[in-house]
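Worksheet for the structure shown next.
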Amino acid sequence: MADKKYDVAIIGAGFSGPILAAKIAEHGVNSRNGERLTIALLDAGPYFPGTHRAGYGSPLRRRVFTNLEDGYERNYEWDDPYLAKMVGGSSLHWGAVAILPTPADYLHWQKETGVDWTEENLRAGVAEIRREFNIHPFPEQINTRGNRLFFEVAKQMGYNPYRGETARRNCIYCGYCMDRMMCKYDSRSSTLGHYLPTAEKFGVEIIPETYVEKINIEARAGRGIARSLACRTGGSNYEIQADKIIVCAGFTNTPLLLMRSGYGPREWRGNPILVENANIGKHIDGQPPTPGVSGWFDEPLGDGDLGSVGGYTMIHDSRPDAEGRLRLNASFGTAQLPSQAAMSPFAPAYGRAHKQFMREKGILRAGNIGLLVTKPSGRWQIGPDGKLVYGGDHRLTLQRFQEGREMARGILEKMGARKIVGMDTPVNLTPQTRGQHRVGSCRAGVDPKTSVVNLHFESHDVDNLLIGDASVIPRVNSGNSGTPQASVTVFAAGRIIERHFKR
Ligand SMILES: Cc1cc2nc3c(=O)[nH]c(=O)nc-3n(C[C@H](O)[C@H](O)[C@H](O)COP(=O)(O)OP(=O)(O)OC[C@H]3O[C@@H](n4cnc5c(N)ncnc54)[C@H](O)[C@@H]3O)c2cc1C
Ligand code: SF4
């Protein structure tokens, strides 16, 4: 492929890249001549275009009804450079659980690095994502008996459970998208259906199957200027020049790309560092999960004709500053994929009893209260050799897990569970720990000594380089990270247009 030149090159077409591409293409102009911008949106994965009618899917996309492999946490290790290998990225295999930022999240963001991400400033971004992604509560008709029982009991015990929200259109609640599978009908809202069509309409060139190996940074006296991208497609290499380069490669791939490009912490043991910023790949905040606590009941808790129904969520704080915040996710009487049902802790060992369990849908008598510490005390970071390490003082996290388990057991007992499991499962905070809601690896902030980009999403150290994905968020939010991060990206687009793409 021949070398090319654009006004803007955006790396990564997952959740954030398409939002930025669409908004900059629609509302921005070349500040020198007022003309439409030339924008390239690059992604390492393939692109399956078509008219994405939610609930129908596009013919091409339907043929690739893919899922992430079991044990997908492998993707968080550094030998696999992709998370979701498609244009649309994580917005295609996400669970479409939509928990927009809470008041504590706005305060934590501001407190951490001084960003001005107030509820007021993000209001328009949140409203846009709610509208575009059709965020609404899971319908009551598809609730289960077990979930309702959980709600009543938890309420009686003084807790505050609420029905979760989801981002879907024309969903038939068949449940096939459980366990990280993509929806064959494109009912789950994604950037493939919502922002990429706008991006294309306003002239963005989508360049799939192109892996950006490096950003070419010219270094001078400790600062840098981003000039171009070293790209690989198939067996060939080529270069893309751009006046502005915006990185949206996700919370792991963004810092790794910067470090490969010679921009990062001095102790990095890969390519030589030309421009130093000690915060790249550090301060990664996420939600270390435990398997939760499960109960087994005498009677079925649901009739099993619907899957993916979404239960109740409960946020619990033990401190006024919301550190160590717990989220409990209740799911009772929900049908499960046979592969999951067979591995239930309540399924008898293989043999006649196991077959009986499967035939009689024994799984419908089980329920789970999942546990997440959404404001953990420890953090991850990318070490000098590129491996993820968890560190810091995580005593509060472990204490809160234990308290969460006790709460879950108390609720299950009151609900009448005959058998309860999961109280003793070891909590594993090692680098391999799953937990997809990770942010902060190139966090935004006012002080260049403690952050990577400024309040306008521009690198503190490298001119013409901006970042707009999950890696800029200074602290993880209370719910899943996708829709809060998308709201921040809408806000980022406004700021970037204002500073760079206005006449
Ligand atoms: C299994 C799973 C389930 C989730 N479920 C939910 C949920 O239910 N609700 C919720 O709110 N959030 C959920 N999330 C979180 C949410 O998906 C993420 O917060 C969000 O997708 C992050 O968006 P991003 O743009 O930062 O990264 P991504 O969406 O991961 O996009 C990064 C893109 O960059 C591309 N890329 C990376 N490196 C390069 C490179 N060098 N060159 C070219 N392209 C590159 C990748 O191919 C990818 O398309 C889930 C995440 C996972 C993994
Ligand atoms: S339950 Fe999942 S797979 Fe089924 S239509 Fe809804 S989003 Fe798609």
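Numbers here are sequence positions counted from 1. Both ligands and their constituent atoms are indexed starting at 1 by order of listing.
- Between Lys5 and Asp243, at least one side-chain N (NZ, or NE/NH1/NH2) sits under 4.0 Å from a carboxylate O, which counts as a salt bridge.
- Neither the backbone nor the side chain of Ser471 has any atom closer than 4.0 Å to an atom of ligand 1 (non-hydrogen atoms only).
- When only interatomic distances are considered, the shortest N/O to N/O separation between Ser481 and ligand 1 falls below 3.5 Å.
- Looking at heavy atoms from C-beta onward, Phe15 lies out of side-chain contact with Thr489 at the 4.5 angstrom threshold.
- Close approach to Arg168 involves these atoms of ligand 2, each under 4.0 Å from a residue heavy atom: 1 (S), 2 (Fe), 6 (Fe), 7 (S).
- For ligand 1, the atoms closer than 4.0 angstrom to any heavy atom of Gly250 are 26 (O), 27 (O), 32 (C).
- Residue Trp94 has no nitrogen or oxygen atom sitting less than 3.5 Å from a nitrogen or oxygen atom of ligand 1, judged on distance alone.
- For atom 44 (N) of ligand 1, the nearest non-hydrogen atom from the set Gly468, Ala13, Ala44 belongs to Ala44.
- Salt-bridge formation is not detected for the pair Arg123/Glu128: no Lys NZ or Arg NE/NH1/NH2 atom is positioned less than 4.0 Å from an Asp or Glu carboxylate oxygen.
- Of all the atoms in ligand 2, the ones that sit under 4.0 Å from a non-hydrogen atom of Tyr185 are 5 (S).
- When only interatomic distances are considered, the shortest N/O to N/O separation between His93 and ligand 1 does not fall below 3.5 Å.
- The N/O atoms of Gly17, backbone and side chain alike, include none that comes under 3.5 Å of an N/O atom in ligand 1.
- Each of the atoms 11 (O) of ligand 1 lies under 4.0 Å from some heavy atom of Thr483.
- We find that Lys4 and Glu205 are joined by a salt bridge, their nearest charged nitrogen and carboxylate oxygen being less than 4.0 Å apart.
- The shortest N/O to N/O separation between Phe15 and ligand 1 falls below 3.5 Å.
- For ligand 1, the polar-atom distance check finds no N/O of Gly88 at less than 3.5 Å from any of the ligand's N/O atoms.
- Every atom of ligand 2 with a heavy atom of Tyr173 under 4.0 Å away is listed here by number and element: 1 (S), 6 (Fe).
- The proximity of Lys184 to ligand 2, defined as any non-hydrogen pair under 4.0 Å, does not occur for either the backbone or the side chain.
- Any N or O atom pair closer than 3.5 Å counts here, and Asp469 shares no such pair with ligand 1.
- Comparing Leu100, Val212, Asp43, Leu257 by heavy-atom distance to atom 42 (N) of ligand 1, the nearest is Val212.
- Here Met86 has backbone heavy atoms under 4.0 Å from ligand 1, and that is the only part of it that gets that close.
- Inclusion of Gly95 in the set of residues having an N or O under 3.5 Å from an N or O of ligand 1 is warranted.
- Judged by the 6.0 Å and 45° rule, Arg495 forms no cation-pi pair with Phe457.
- Nearest to atom 21 (O) of ligand 1 by heavy atom, out of Ser190, Ser90, Ala96, Gly12, is Ser90.
- In Thr210, the part holding a heavy atom less than 4.0 Å from any atom of ligand 1 is the backbone.
- To the nearest 0.5 Å, atoms CE (Met86) and CD (Glu209) are separated by 10.5 Å.
- For atom 6 (Fe) of ligand 2, the N/O/S atoms of Cys171 include one lying under 2.8 Å.
- For Tyr106, the ring-ring contact (aromatic ring centres under 6.0 Å, His included) criterion is met by Trp109, not counting sequence neighbours.
- Using a distance-only test at 3.5 Å, with no hydrogens or angles considered, a donor-acceptor pair links the side chain of Asp105 to the main chain of Ser478.
- Residue Arg188 approaches ligand 2 through these ligand atoms, each under 4.0 Å from one of its heavy atoms: 7 (S).
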